[in-house]
Novice: 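One structure is given below, represented as structure tokens, and several questions about it will come after.
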Number of protein chains: 2
Amino acid sequence: MPDRSASPPDSPTGGLTPKAEQTRTQILRAALDLFRESGYDGTTMRAVAKAADVSLGNAYYYFASKEHLVQGFYDQIQVDHAAAAESALAAETGFSGRLLAVLDSWVDVAAPYHEFAGAFFKNAAEPRSPLSPFSGESAAAREASIALHRRAVEGSDVKVAAALRAQLPELLWLLQMGVVLFWVHDDSPEQRRTHDLVRQIVPLVDRLIRLTRLPGARGLAEDVVALVAKVRG
Amino acid sequence: MPDRSASPPDSPTGGLTPKAEQTRTQILRAALDLFRESGYDGTTMRAVAKAADVSLGNAYYYFASKEHLVQGFYDQIQVDHAAAAESALAAETGFSGRLLAVLDSWVDVAAPYHEFAGAFFKNAAEPRSPLSPFSGESAAAREASIALHRRAVEGSDVKVAAALRAQLPELLWLLQMGVVLFWVHDDSPEQRRTHDLVRQIVPLVDRLIRLTRLPGARGLAEDVVALVAKVRG
DNA sequence: GTCTATAGTGGGATAGAC
DNA sequence: GTCTATCCCACTATAGAC
């Protein structure tokens, strides 16, 4: 199989010449600015290229599609979330408090992008989109987010069935995806309803987890773990 | 404000002349055929118009956009699902069996459309899209689907906390939306993994519901009901 | 009110020269 | 690595036939 003659770099930091790195950054920054000003659909690749002072073809050399530009937004928000959650976690030792800290800080961090997020969310929801949170391209951001939940669990006093403990961070990440789904649909001022949802669902999750240690719920945790294992392929 | 000179009909059955009805159906059937053959992206509006033996402009007269053609798919699949679930339900009296019947029959009915379903799924995921399962435009289909789950519950022997019983059909519909979400991401042959998921999750749900009557789980059902009530407002 | 024909526009994406 | 030129197709516009 012959080498592709034009192989656009797909990693934000990996092995690029300084010049290429700079061009890439130029394009990305122009794109994010335009996205915030005009939304996703309102921003054309031509406008991005123009604002970044490169040709249209060059923009496509660095970003295989318009959707790929959004990956930059993901990287950004993930870093911000990690930082915000970190300081919120420092003050909490209870499991409920720590989970609340992680979920709530995400909603806070994402707030400025709420409008823009709604516009491109459909692209992220598409199964084969690189923007899908389940895609290979999103693996790094996904792992980082799961790691955050792992920190929340491990730093806490939660009593959880042993079998479930290893899977818990991933399950909590899934919960967070549910919160995100709700969030993009949330039109209330300052996403108050999402905050309410988080505040109500956290104690419920806490209660559910404790339940897995009840005699009558014996096996429930194992079933959930088996389900996740199977489902992950 | 002047009247639009051409106002395309947007209801599948509402007030159309017989001729118009026939043309609309022609276009829709051609579209669904092509979608199945060539997928969503692989089907152009020109091809749809040609296959339906109408002009491109006429296709747009009946369907405001390519996405609007997809509503026809929803209507179709919902009717098919109701029929398939009905006969599957007739043979089952246990709650697990009945829930399995409803979920599994959906996966069967939807199977032929799996490939192209992924391509337009993003439209359903978009918050303000009329194609969203939560939208006002989808209310009829949503209610029909919830009613199906209500039949599954009420015809069964399930013992469930009183407070939860009224909400249960809606919660099961949410579960089905989760299955759909998994299904569109499922690339395994004949969506075997989705079938596996359904087969594993049904007894788990059954167990969870029974759990709500346990002394230690007292209040859990009420919390869930309160959560749903809050979230819907 | 239903439909055709035709001629656009806009923008995502690509090819191939340099 | 960067450009210019081009393709393709969703979608629009319009003028008019029946």
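Note on naming: letters A, B, ... go to the chains in the order of the sequence lines (proteins, then strands), and numbering restarts at 1 for each one. Heavy-atom basis, side chains included; hydrogens, waters and symmetry copies ignored.
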Novice: Would you kindly give the CE-to-P distance between A/Met45 and C/dA13, to the nearest whole Å?
Specialist: 7 Å
Novice: Taking the six-membered ring for Trp, are B/Tyr40 and B/Phe35 parallel (under 30°), tilted (30 to 60°) or perpendicular (over 60°)?
Specialist: tilted
Novice: Looking only at the aromatic ring of each residue, does the gap between the centers of B/Trp106 and B/Tyr113 stay below 6.0 angstrom?
Specialist: no
Novice: With respect to the side chain of A/Tyr60, which nucleotide from D/dC11, D/dG1, C/dG12 is positioned closest?
Specialist: C/dG12
Novice: Answer yes or no: does a side-chain N or O of A/Tyr61 lie under 4.0 Å from OP1 or OP2 of D/dG1?
Specialist: yes
Novice: Please state whether the phosphate of D/dC3, meaning OP1 or OP2, lies under 4.0 angstrom from any side-chain nitrogen or oxygen of A/Asn58.
Specialist: yes
Novice: With respect to the phosphate group of D/dG1, does any side-chain polar atom (N or O) of A/Thr23 fall under 4.0 Å of OP1 or OP2?
Specialist: no
Novice: Quick one: is D/dT2 close enough that its OP1 or OP2 comes under 4.0 Å of any side-chain N or O from A/Tyr62?
Specialist: yes
Novice: Measure from NZ or CZ of B/Arg193 to the centre of the six-membered ring of B/Phe182, then state whether that distance is under 6.0 Å and the direction lies within 45° of the axis.
Specialist: no
Novice: Would B/Arg232 and B/Glu170 satisfy salt bridge (charged side-chain N to carboxylate O under 4.0 Å, His left out), going step by step from the backbone distance to the final call?
Specialist: CA-CA 11 Å; B/Arg232 220 185 3 210; B/Glu170 194 169 352; 2.4 Å; yes
Novice: Check whether the side chain of A/Arg46 and the base of C/dG12 form a donor-acceptor pair under 3.5 Å.
Specialist: yes
Novice: At under 4.0 Å, does any side-chain N or O of B/Lys19 touch on OP1 or OP2 of C/dT2?
Specialist: no
Novice: For A/Thr44, report the nucleic acid contact type (base, sugar-phosphate, nothing); a contact means any heavy atom under 4.0 Å.
Specialist: sugar-phosphate
Novice: Any base atoms under 4.0 Å from A/Asp41, or only sugar-phosphate, or nothing? Heavy atoms, all strands.
Specialist: nothing
Novice: Counting N and O atoms only, with roles assigned by atom type, does the side chain of A/Arg150 sit under 3.5 Å from a partner on the main chain of A/Pro169, one being a donor and the other an acceptor?
Specialist: no
Novice: Would you mind reading off the distance between B/Tyr40 atom OH and D/dC9 atom P, rounded to a whole angstrom?
Specialist: 14 Å
Novice: Could you check how far CD of A/Gln22 sits from C1' of D/dG1, rounded to whole Å?
Specialist: 13 Å
Novice: To the nearest Å, give me how far apart CZ (B/Phe63) and P (C/dT2) are.
Specialist: 13 Å
Novice: Starting from the 5' end of DNA chain C, give me the residue, B/Leu56 or A/Ser65, whose nearest nucleotide shows up first.
Specialist: B/Leu56
